[in-house]
Number of protein chains: 2
Amino acid sequence: MTLLAANILIVDDEQTIADLVEVYLENENYNVFKFYNGKDALYCIENERLDLAILDVMLPDVDGFSICQQIREKHNFPVIMLTAKEEEIDKITGLTLGADDYITKPFRPLELIARVKAQLRRFTKYNSSEPKQEDHLIAFSGLVLNMDTHECTLNEKKLPLTPTEFSILWVLCSNSGRVVRSEELFQEVWGDKYFTNSNNTVMVHIRHLREKMGDNAEHPKYIKTVWGVGYKIEK
Amino acid sequence: MTLLAANILIVDDEQTIADLVEVYLENENYNVFKFYNGKDALYCIENERLDLAILDVMLPDVDGFSICQQIREKHNFPVIMLTAKEEEIDKITGLTLGADDYITKPFRPLELIARVKAQLRRFTKYNSSEPKQEDHLIAFSGLVLNMDTHECTLNEKKLPLTPTEFSILWVLCSNSGRVVRSEELFQEVWGDKYFTNSNNTVMVHIRHLREKMGDNAEHPKYIKTVWGVGYKIEK
DNA sequence: TCGCGATATTCAGAAAATCTTAAGATTTTT
DNA sequence: AAAAATCTTAAGATTTTCTGAATATCGCGA
């Protein structure tokens, strides 16, 4: 485990997106280099020691594809492409060809972080002797969450979770032993700092989770309610 | 553990709020820089070594968002935004985007402190080699309060406390050895928003606490009554 | 010791947070 | 385009917590 936080470049002309990504990455303690256009990004690439780049495909000046190519030619770090879901499939296929991974907007924070980590891990593997770090997998007390496959097993029995349910459980588990405030949960799962939807939504999903896990709210074995604060899963 | 108390900036044009926050922070032994407008705050940012900033979003001159941006550009310390709950969701989302955390008014002092500490902890983690400091945990003479899990144990036995009870006990414990005046307790637990409460309310909660702790008012082992002043917990 | 104000106790109604259910909206798959 | 799966919202039920009033008790000073 390196003591230096990874340097990550994010380029997107939609400032909101870029800003959001910045927040998520900084939350994970990465150093973020953020730009709203391709030109500035290119300058940064030449002058900073970067570990990973997240590029929007559609940029007004130099598009993400070109940037990716330049990174491939002169440097050697992973590239993740951001694409709007609406953009034509075949176009995307071409544009993301050189990239190591791609993510379609809108995306969930958790997914972005997971992919970033995956790329950094993959890349680091050959540049250090550190043991492979499985932070895309959570396992304790009969519960196993696999972020790669999005699968969840409870005592060797597979739980069919919906994406939202998986996200919630993931956040709870990665904070196991600690209360996660409803707002915090919201931010981590929906990427929204604010309650654009009623926080009842969280409760309903919690309910479904409990149901699938064979829990009941009275004396839950897994997801515990901490009154006035949020939810908690024991370590 | 650093010997120097953290320097915290608080900016709010509502003087009452700013003053209150100042009191809370000073109680926790932080150095507070307080301003009622954005201009003075900006000057402070340039001339002081700050560790954290608490900014009201809506300020008459330079708004909190701009201040936050400037901090992000030239400096590198956490920012917590204060927002009124009524302010429009989409406006807020944009305005707090660059911040590390946000708190909606009215807020409970304890929550404010908790978040401040969380940010300082997160930030310090990567800027020093000190072992993780558990200041979200109070422990002495058989009593353990854990802010992360919101749990309280007395001689290894778990006490199920309600949110308000937990707050009260937390305040008493973090001022252990010192008498906490009833009004002080009031302010620390409820903030000044709920100034209409009869001070009997505090007594009732104290009663419940004592009950759960196996104390009685006659010869209390834990929460002692100091006549004409308030309550005290021994160190 | 008595009186008075401060603190305790009790309890019931009010308020707040959570749970549950189900229906409609949205998204994804077929 | 229909069907299926998933998500969100709404409303009412339930549970937990908070508060204020009434009454009892205590502690200090006269």
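All chains are named by letter (A, B, ...) in the order of the sequence lines, taking the proteins before the strands, and each is independently numbered beginning at 1. Side-chain atoms are counted along with the backbone in the values below, which use heavy atoms only and exclude waters and symmetry mates.
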Student: Within the distance-only criterion (no hydrogens, no angle test), does the side chain of B:Asn155 pair as donor or acceptor with the backbone N or O of B:Lys157 below 3.5 angstrom?
Tutor: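 No, because the side chain of B:Asn155 does not come within donor-acceptor range (under 3.5 Å) of the backbone of B:Lys157.
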
Student: Of the residues in residues 219-235 of chain A, which ones touch DNA chain D at a heavy-atom distance under 4.0 Å?
Tutor: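 Listed by number, they are A:Trp227.
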
Student: Measure the distance from CH2 on A:Trp190 to P on C:dT26 and round it to the nearest whole Å.
Tutor: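 Value for this atom pair: 17 Å.
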
Student: Donor-acceptor check, side chain of B:Asn199 to backbone of B:Ser182, threshold 3.5 angstrom: yes or no?
Tutor: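 Side chain of B:Asn199 to backbone of B:Ser182: no pair is present.
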
Student: Under 3.5 Å, side chain of A:Asp61 to main-chain N/O of A:Gly38, donor-acceptor pair present?
Tutor: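 Indeed, once roles are kept as given, a pair shorter than 3.5 Å links the two residues.
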
Student: Taking A:Asp19's backbone N and O only, do any of them form a donor-acceptor pair with A:Lys34's side chain (distance below 3.5 Å, no angle check)?
Tutor: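 Judged by distance alone, no pair lies under 3.5 Å.
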
Student: Output the single nucleotide from D:dC7, C:dT9, D:dT17 whose closest atom is nearest the side chain of A:Pro163.
Tutor: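 Of the candidates, D:dC7 comes closest.
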
Student: When you measure from the side-chain N and O atoms of A:Thr201 to the phosphate of D:dT8, is any distance below 4.0 Å, counting only OP1 and OP2?
Tutor: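 No, outside the criterion.
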
Student: Could one point to a donor on the side chain of A:Asn200 or the base of D:dA10 with an acceptor on the other under 3.5 Å away?
Tutor: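 In this structure, the two groups form a donor-acceptor pair.
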
Student: Scan for side chain to side chain donor-acceptor pair (under 3.5 Å) pairs involving residues 221-230 of chain B, sequence neighbours excluded, and state none if there are none.
Tutor: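 Residue pairs passing side chain to side chain donor-acceptor pair (under 3.5 Å), neighbours aside: B:Arg210-B:Thr225.
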
Student: For A:Tyr231, check ring pair (Phe, Tyr, Trp, His ring centres under 6.0 Å) against everything at least two apart and list the hits.
Tutor: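 Result, ring pair (Phe, Tyr, Trp, His ring centres under 6.0 Å) vs A:Tyr231: none returned.
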
Student: So, OP1 or OP2 of C:dC19: does either fall under 4.0 Å of a side-chain N or O from A:Arg210?
Tutor: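 Looking at the OP1 and OP2 atoms of C:dC19, one of them is under 4.0 Å from a side-chain N or O of A:Arg210.
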
Student: Given atom CZ of B:Arg207 and atom P of D:dA22, what is their separation to the nearest angstrom?
Tutor: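 Result: 20 Å.
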
Student: Name the closest nucleotide to the B:Met203 side chain, picking from D:dT19, D:dT8, C:dT7.
Tutor: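 For B:Met203, the side-chain atoms sit closest to C:dT7.
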
